[in-house]
**Student:** 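Sharing a structure below in structure tokens format, with a few things to ask.
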Amino acid sequence: MSGQRLGIMGGTFDPIHLGHLVTAEQARADLGLDEVVFLPAGQPWQKDDDTTSAEHRYLMTVLATAANPAFSVSRVEVDRDGPTYTVQTLRELRAQLPDGELYFITGADAILNILTWKDADECLELATFVAATRPGYDLARLEAEGIRAEVCVLDVPALAISSTDVRERFAAGRAVRYLIPREVEEFARKHGLYGTDGNGLALGGVV
């Protein structure tokens with residue numbers, strides 16, 4: 001669609017949580033986006049090898065976003081061979097939407113590492129980067145990296161939630177309800193992700 005404003009929600013989503021969903025919806029509303037496409041990374045080149053399988057992360061993202069007609073999930077990075085580089089995805093999307101506007105939405109901490117990304121300058125040319133932050137986030141860190149003027153900042157209260165904390169809660173048998181969608185919790189327990197045993201119980205803990 002000519003002139004489409006497309007949000008691109010990039011991330012590992014290991015697992016996807018309510019902070020991600022709130023961020024995407026706030027970006028859609030505040031920036032007037034027509035759609036937000038979630039892009040689970042396939043083989044994130046800057047992540048550890050113990051990242052949950054791309055297929056599981058993709059399916060959890062589908063479950064989490066299914067109820068919102070303005071959200072969709074792309075397999076483009078999941079199905080790509082080799083390490084996942086954002087610039088490749090942005091090139092593909094730009095080719096598909098030559099007259100559209102692309103907004104790449106991710107956490108401010110991730111954007112702080114943007115200068116280490118492959119072809120970082122080209123990434124900033126292909127899309128407007130949206131830095132999702134917690135209220136009170138020290139924007140001086142973006143200034144120090146020289147990229148504050150390059151990005152749009154979005155304050156999202158729900159970003160106090162983190163995937164790391166959710167994984168640790170699963171492993172310790174602590175509650176994750178209201179941090180992630182119920183469907184994602186059930187999927188993770190069914191498939192024995194994050195230290196659960198596949199029967200819904202945390203290994204070494206009580207659910």
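All residue numbers refer to positions in the sequence shown, counting from 1.
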**Student:** Hey, are R28 and E25 close enough for a salt bridge, meaning a charged N less than 4.0 Å from a carboxylate O?
**Tutor:**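 Yes, R28 and E25 are salt-bridged.
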**Student:** What's the separation between atom SG in C123 and atom CD in E150, rounded to the nearest 0.5 Å?
**Tutor:**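 Separation between the atoms: 12.0 Å.
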**Student:** Would you say the side chains of E35 and S72 form a donor-acceptor pair under 3.5 Å?
**Tutor:**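 There is such a pair (donor and acceptor under 3.5 Å, judged by atom type) between the side chains of E35 and S72.
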**Student:** What pair of heavy atoms forms the shortest contact from I180 to H17, and how long is it?
**Tutor:**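 Heavy-atom minimum between the residues: CG2-CB, 3.6 Å.
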**Student:** What's the separation between atom OG1 in T12 and atom CG in L39, rounded to the nearest 0.5 Å?
**Tutor:**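 Interatomic distance, T12 OG1 to L39 CG, rounded to 0.5 Å: 12.0 Å.
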**Student:** Please work out which of the three classes, parallel, tilted or perpendicular, describes the rings of H191 and F187, given edges at 30° and 60°.
**Tutor:**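 Tilted: the ring planes of F187 and H191 meet at 30° to 60°.
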**Student:** Which pair of heavy atoms, one from Y58 and one from P40, lies closest together, and at what distance?
**Tutor:**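 It is CA-CG, 4.1 Å.
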**Student:** Do Q96 and L6 have side chains that get closer than 4.5 Å, going by heavy atoms?
**Tutor:**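 No, too far: nothing below the 4.5 Å cut-off.
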**Student:** Could you tell me if the side chain of T89 sits less than 4.5 Å from the side chain of R80, heavy atoms only?
**Tutor:**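 A side-chain contact exists here, since the closest heavy-atom pair is under 4.5 Å.
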**Student:** What is the distance from atom CD1 of I105 to atom CD1 of I8, rounded to the nearest 0.5 Å?
**Tutor:**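 Answer for the CD1-CD1 pair, I105 versus I8, is 8.0 Å.
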**Student:** Check the orientation of F104 and F129. Use parallel for under 30°, tilted for 30 to 60°, and perpendicular for over 60°.
**Tutor:**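 Answer is tilted, since the angle falls between 30° and 60°.
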**Student:** What I want to check is whether the side chains of T51 and D14 have a donor and an acceptor closer together than 3.5 Å.
**Tutor:**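 Result is no, nothing qualifies.
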**Student:** Kindly indicate whether the side chain of T52, heavy atoms from C-beta on, has any atom under 4.5 Å from the side chain of Y194.
**Tutor:**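 Yes - at least one pair of side-chain heavy atoms lies under 4.5 Å apart.
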**Student:** Is any side-chain heavy atom of T61 less than 4.5 Å from a side-chain heavy atom of V78?
**Tutor:**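 No. Closest side-chain heavy atoms not under 4.5 Å.
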**Student:** Can you measure from NE2 (H20) to CD1 (I161) and round to the nearest 0.5 angstrom?
**Tutor:**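 Spacing of NE2 (H20) from CD1 (I161) equals 9.5 Å.
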**Student:** Which pair of non-hydrogen atoms, one from G3 and one from D34, has the smallest distance, and what is that distance?
**Tutor:**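 In this case the closest contact between G3 and D34 is O-OD2, 4.4 Å.
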**Student:** Less than 4.0 angstrom from a charged side-chain N to a carboxylate O is my criterion; do E186 and K190 meet it?
**Tutor:**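 Between K190 and E186 there is no salt bridge, as every charged N stays at least 4.0 Å from the carboxylate O atoms.
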**Student:** What I'd like to find out is whether the side chain of T65 reaches to under 4.5 Å of the side chain of L21, using heavy atoms alone.
**Tutor:**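 Side chain of T65 against side chain of L21, heavy atoms only: contact under 4.5 Å found.
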**Student:** Go through it in stages, so that I can follow the logic: the residues are L193 and F170, the test is side-chain contact (heavy atoms from CB on, under 4.5 Å), and I'd like the CA-CA distance, side-chain angles, deciding distance and then a yes or no.
**Tutor:** CA-CA 8 Å; L193 306 181; F170 265 117; over 6 Å; no
**Student:** Mind checking whether P181 and L63 have side chains closer than 4.5 Å, heavy atoms only?
**Tutor:**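 Sidechains of L63 and P181: no contact.
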**Student:** Is there a side-chain contact (heavy atoms from CB on, under 4.5 Å) between V87 and L90? Walk through the geometry before answering.
**Tutor:** CA-CA 5 Å; V87 68; L90 292 178; 5.6 Å; no
**Student:** Pair E55, R75 - check side-chain contact (heavy atoms from CB on, under 4.5 Å), show working.
**Tutor:** CA-CA 9 Å; E55 192 64 28; R75 292 187 61 93; 3.0 Å; yes
**Student:** Yes or no on side-chain contact (heavy atoms from CB on, under 4.5 Å) for L31 and C152, after CA distance, side-chain angles and deciding distance?
**Tutor:** CA-CA 10 Å; L31 301 175; C152 172; 4.1 Å; yes
**Student:** Measure the spacing between CE of M9 and CG of L33 and express it to the nearest 0.5 Å.
**Tutor:**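 The CE atom of M9 sits 11.5 Å away from the CG atom of L33.
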**Student:** Check A54 against G42 and note the closest heavy-atom contact, atom names and distance.
**Tutor:**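 Shortest heavy-atom separation between A54 and G42 comes out as CB-O, 3.8 Å.
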**Student:** Determine yes or no for a side-chain-to-main-chain donor-acceptor pair under 3.5 angstrom, with E183 supplying the side chain and V62 the backbone.
**Tutor:**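 No, E183 side chain to V62 backbone: no donor-acceptor pair under 3.5 Å.
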**Student:** If you round to the nearest 0.5 Å, how far is CD of E185 from CZ of R169?
**Tutor:**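 The distance works out to 11.5 Å.
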